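What follows is a set of notes on a single structure, which appears directly below.
Sequential numbering from 1 along the given sequence is applied to the chain's residues. This is a predicted model, so every value here is computed, not measured. Whatever order the structure lists them in is the order used to number ligands and atoms, beginning at 1.
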Amino acid sequence: MTTLSLTGVAKSFGRVPVLRDVSLTVPAGTRTAVVGASGSGKSTLLRLIAGFERPDDGSIALDETTLTAPGRFVAAHRRGIGYVAQDGALFPHLTVEQNVRFGLPRRHRDPARIREVMELASLDPALAGRYPHQLSGGQQQRVALARALAPRPEVILLDEPFSALDTGLREQTRQAVVDALEASGVTTVLVTHDHDEALSFGGQIAVIAEGRLVQSGAPSAVFDNPVSTEIAAFLGAAIVLPARAAGPGGADCALGRVAVRHDRSNGSAGARLLIRPAQLGLSPANGTHNAVVEDVRPRGSHAELLLRTAGAAPVLIPLRVPAHEGPAYRAGMQVSVSVSGGGVLYPAD
Ligand SMILES: Nc1ncnc2c1ncn2[C@@H]1O[C@H](COP(=O)(O)OP(=O)(O)OP(=O)(O)O)[C@@H](O)[C@H]1O
């Protein structure tokens, strides 16, 4: 198993910087998801690791072997890195078996290895003689993965491999791919713009914005304590309320006093508090209230409520409740909103 490390990697196209000073380590045998908005530089990062492009600066190494650095460049086909493209890029005129066999060097086209990687990628042996157009999108992606895994690469790179699949198939294919990667123990980097996919893919998430790696770490740690409210909102629904530090480990906001789980405010007088909707508990007010229902919209599986906080500077908070709870609320009703688990405190804008 091999550790992939990037140090100070930079890349521009013409005069436009696309990646700046990216450093990232993917420990041997682990999976990292690189997530960022469209155009943030994710695919470029993957192409640099694969050796399809040269960085302008910085280095990329597998364990102690430098793949690229000023004055050194190992060609893509000598890197021992497998690449799975967004559409799988299967050869349309070759069968599944022939596609997978193509991943192996000519002298090592062992039928047992082909069967083994097909099984690893949860591909039914009955599919071996089919052509790509006779497969579902999910099966095509699993064939692409089997082809990439066949030569036992040091590293696998996955470029948005699930984005063309519809929701049900995407989840199923993602699980099959994660299982195959786990069983083969290969060091893996996935790029995606889908935060749920990134958070559930592996042991590390790396968030990239405008060509910079802005935060990396265990998915639960990054989700729990994002470096900025922008990243918080990128990773999932976020409620950001004006707040003021109050008492030890607390902050006052439109919902009352809330515990501060992580303080990133640097003692700033004005501040903002991040809370996730799942932390909010809602009940019809019984005496005191801290919000009023502004709007209720049934959405089939759930109801969407819009709450207006009470007090001098009201804030609108969208919140989902289970469908069966929707009828308990109507516009104008006073409610009590509680916050469990505390929030993350940031400086004011
Ligand atoms: N070969 C190239 N020549 C010029 N500009 C390029 C080239 N490849 C990428 N770019 C530019 O670099 C920026 C980053 O592109 P990249 O494909 O890495 O982003 P991305 O985060 O993968 O986006 P997406 O999610 O939309 O695929 C974009 O502005 C893109 O237009």
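Closest to atom 26 (O) of ligand 1, if we only count protein heavy atoms, is Ser38 OG, 2.6 Å. Nearest non-hydrogen protein atom to atom 13 (C) of ligand 1 is Val18 CG1, 3.7 Å. Nearest protein neighbour of atom 17 (O) of ligand 1, counting heavy atoms only, is Ser43 CB, 3.6 Å. What sits closest to atom 6 (C) of ligand 1 on the protein, heavy atoms only, is Phe13 CD1, 3.2 Å.
Linking Ile, Leu, Val, Met, Phe, Trp and Tyr residues whenever their side-chain heavy atoms come within less than 4.5 Å places Leu158 and Leu149 in a single cluster. In the hydrophobic clustering of ILVMFWY residues, with side-chain heavy atoms under 4.5 Å counting as a link, Leu90 and Ile156 come out together.
Both the backbone and the side chain of Thr44 come within 4.0 Å of ligand 1, counting heavy atoms alone. If you look at Lys42 next to ligand 1, the close heavy atoms, those under 4.0 Å, come from the backbone and the side chain alike.
Comparing heavy-atom distances from atom 28 (C) of ligand 1 across Gly39, Ala37, Gly41 singles out Gly39 as nearest.
At distances below 3.5 Å, at least one donor-acceptor pair connects side-chain atoms of Gln134 with backbone N or O atoms of Tyr131. The main-chain N or O of Gly29 is found under 3.5 Å from a side-chain atom of Thr187 such that the two form a donor-acceptor pair.
Looking at His193 next to ligand 1, no N or O pair under 3.5 Å apart turns up.
Residues Asp263 and Ser265 have side chains that bring a donor and an acceptor to within less than 3.5 angstrom of each other. Checking Glu197 against Thr192 by side-chain atom types alone, a donor-acceptor pair falls below 3.5 Å.
Within a 4.0 Å radius of atom 30 (C) of ligand 1, the protein contributes no non-hydrogen atoms.
Counting non-hydrogen atoms of other residues, nucleotides and ligands closer than 6.0 Å to CZ of Phe52 gives a total above 12.
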